[in-house]
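The structure displayed is predicted, hence computed values, not measured ones.
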Amino acid sequence: NGTAHTTPPGSMAPDVADGLWNIKAYAGKLRRAHNIFTEFSITDGGLDISIMKRDRPVHNVDLCMPGFEVLEESFSDSQVARVTAKDENGGVTDWYLLGDGSVTHDFTAVGRVKGAWEKVVVKGGGEAVREMVLDIFKENSHSHIIEFATERQYGFYDELVVRTRQGRILKSYISAIRKRSGDARTIYKTGELRLTLEESIAKENTK
C-alpha cells in the first residue's frame, strides 16, 4: 500500500539507463534535492509505503565529546569537482564546484575545488540539467560513513554537522538507526559512501 501525505509542486524524472531506473537511487535523489522522504513499514496486511515532504532538523555532533562512541569511520577519496552535462538537444555545459558549495560556469573562478571530472547525458534541458548537476555535487557531502553509539536521540534522515575525532567537519545525515542487545544506547549510521570503481573492486576483494 502506498500513501502520498503531501503533494509538493513540480516533478522530477528518474535517471534512466538502457531503459531501466533504480528506485532506491530515485528516492535518494528526491530526498537530497527536495526533502521528499519515502518510509517503509511492515503490517499484517503487507508493506506500507509513505511518501512525504518534511523539513529536517539540523544537529551538531562532536564525536570528541563524552557520550559518543565511534564504531566505524570510512571515507571515500573521490570528489566530483567538474560536471559536463549534455542535454537531449545536444547542448553542452560545464559546471564547476566552488569551496563554499556554490557552482559556476566560469572555469577561471576563484575558489574552485579539486576533484574528479564527470560527464553526464540528461534527458531534457534547462532545469533538468541543473537538478542533475546539483545532485551529483551534493553526493560529495555524503561520501562517508560514520557509525556511533550514544544516548542522545536523533530522527531518521535528520541533518548533522559532524566533527570527527580528527577534527574534520562534515555535513551529513542519519541514514540508519539500530539498537544493540544489552546496550541502552542507540546506534546511528550517517552518510553514504560513494566509491570509485577501483575502491569497489578493492572492497569486494577483502570479503
Side-chain angles (χ1 to χ4, degrees), residues 12 14-15 17 22 24-36 55-64 70 72-87 90-148 157-176 188-203:
M12 176 180 287
D15 302 325
N22 186 305
K24 180 180 178 182
Y26 181 55
K29 183 177 180 180
L30 288 173
R31 185 185 69 245
R32 289 191 297 269
H34 297 292
N35 283 340
I36 296 176
D55 294 327
R56 296 185 286 180
V58 181
H59 308 280
N60 293 320
V61 174
D62 188 343
L63 297 176
C64 299
V70 177
E72 178 188 356
E73 282 187 337
S74 299
F75 303 93
S76 172
D77 292 331
S78 62
Q79 174 176 262
V80 176
R82 173 185 176 186
V83 176
T84 297
K86 183 177 181 180
D87 63 33
V92 177
T93 52
D94 286 311
W95 304 70
Y96 304 95
L97 181 64
L98 303 181
D100 63 359
S102 61
V103 297
T104 180
H105 295 295
D106 182 7
F107 74 94
T108 65
V110 176
R112 281 181 52 192
V113 303
K114 295 181 179 180
W117 176 17
E118 188 164 319
K119 302 177 183 179
V120 295
V121 177
V122 184
K123 185 178 180 179
E127 189 61 26
V129 174
R130 178 178 175 80
E131 287 184 351
M132 169 72 80
V133 171
L134 293 180
D135 191 59
I136 292 172
F137 285 140
K138 284 180 180 179
E139 289 182 357
N140 287 339
S141 299
H142 301 146
S143 191
H144 62 271
I145 288 178
I146 300 175
E147 191 173 55
F148 62 88
Y157 292 131
D158 282 4
E159 293 188 350
L160 305 177
V161 178
V162 181
R163 180 175 183 265
T164 69
R165 292 176 296 181
Q166 295 77 30
R168 186 175 181 180
I169 305 298
L170 300 172
K171 290 183 179 180
S172 192
Y173 70 98
I174 301 294
S175 57
Y188 299 96
K189 181 174 287 188
T190 73
E192 299 169 349
L193 191 61
R194 180 177 183 172
L195 299 179
T196 64
L197 175 61
E198 293 80 4
E199 289 169 333
S200 299
I201 293 173
K203 185 175 182 180

- Message: If you apply the rule side-chain contact (heavy atoms from CB on, under 4.5 Å), what do you find for Ile174 with Tyr157, and how did you get there?
- Response: CA-CA 5 Å; Ile174 301 294; Tyr157 292 131; 6.0 Å; no
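- Between Leu97 and Val80 there is no side-chain heavy-atom pair separated by less than 4.5 Å.
- Summarising the geometry of Val61 relative to Phe148, their closest heavy-atom pair is CG1-CZ, 4.3 Å, with the distance given to 0.1 Å.
- The distance from the OG atom of Ser175 to the CG atom of Asp158 is 12.0 Å, given to the nearest 0.5 Å.
- Summarising the geometry of Arg165 relative to Cys64, their closest heavy-atom pair is CA-SG, 3.7 Å, with the distance given to 0.1 Å.
- Separating the CD atom in Glu118 from the CZ atom in Arg82 is a distance of 12.5 Å, to the nearest 0.5 Å.
- Between the OG1 atom in Thr84 and the OH atom in Tyr96 there is a gap of 6.5 Å [rounded to 0.5 Å].
- A donor-acceptor pair is defined here as one N or O able to donate and one able to accept, closer than 3.5 Å; such a pair exists between the side chain of Gln79 and the backbone of Lys114.
- Rounding to the nearest 0.5 Å gives a distance of 11.5 Å between NZ of Lys189 and OG of Ser172.
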- Starting from the C-alpha separation in whole Å, work towards a yes-or-no answer on side-chain contact (heavy atoms from CB on, under 4.5 Å) for His144 and Leu170. CA-CA 9 Å; His144 62 271; Leu170 300 172; 4.1 Å; yes
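- For the pair Glu72 and Ile145, the minimum side-chain heavy-atom distance is below 4.5 Å.
- The two residues Ala81 and Gly115 come nearest to each other via the heavy atoms CB-N, 3.5 Å.
- Between the CE atom of Met132 and the CZ atom of Phe137 there is a distance of 12.5 Å, given to the nearest 0.5 Å.
- A donor and an acceptor atom, one from each side chain of Asp106 and Thr104, are nowhere located under 3.5 Å apart.
- Between Thr93 and Val129, the closest side-chain pair of non-hydrogen atoms falls below 4.5 Å.
- Sorted by first and then second residue, the ring pair (Phe, Tyr, Trp, His ring centres under 6.0 Å) pairs with a member in residues 103-124 read Trp95-His105; sequence neighbours excluded.
- Contact annotation: the side chain of Tyr173 never approaches that of Leu160 to less than 4.5 Å [non-hydrogen atoms, C-beta and beyond].
- With rounding to the nearest 0.5 Å, the separation of CD in Glu159 from NZ in Lys171 is 8.5 Å.
- Val120 places a side-chain heavy atom less than 4.5 Å from the side chain of Val83.
- Counting heavy atoms of neighbouring residues, nucleotides and ligands inside a 6.0 Å radius, atom CZ of Arg130 does not exceed 12 of them.
- Looking at heavy atoms from C-beta onward, Leu63 lies in side-chain contact with Val162 at the 4.5 angstrom threshold.
- The closest side-chain heavy-atom distance from Glu147 to Thr190 is not below 4.5 Å.
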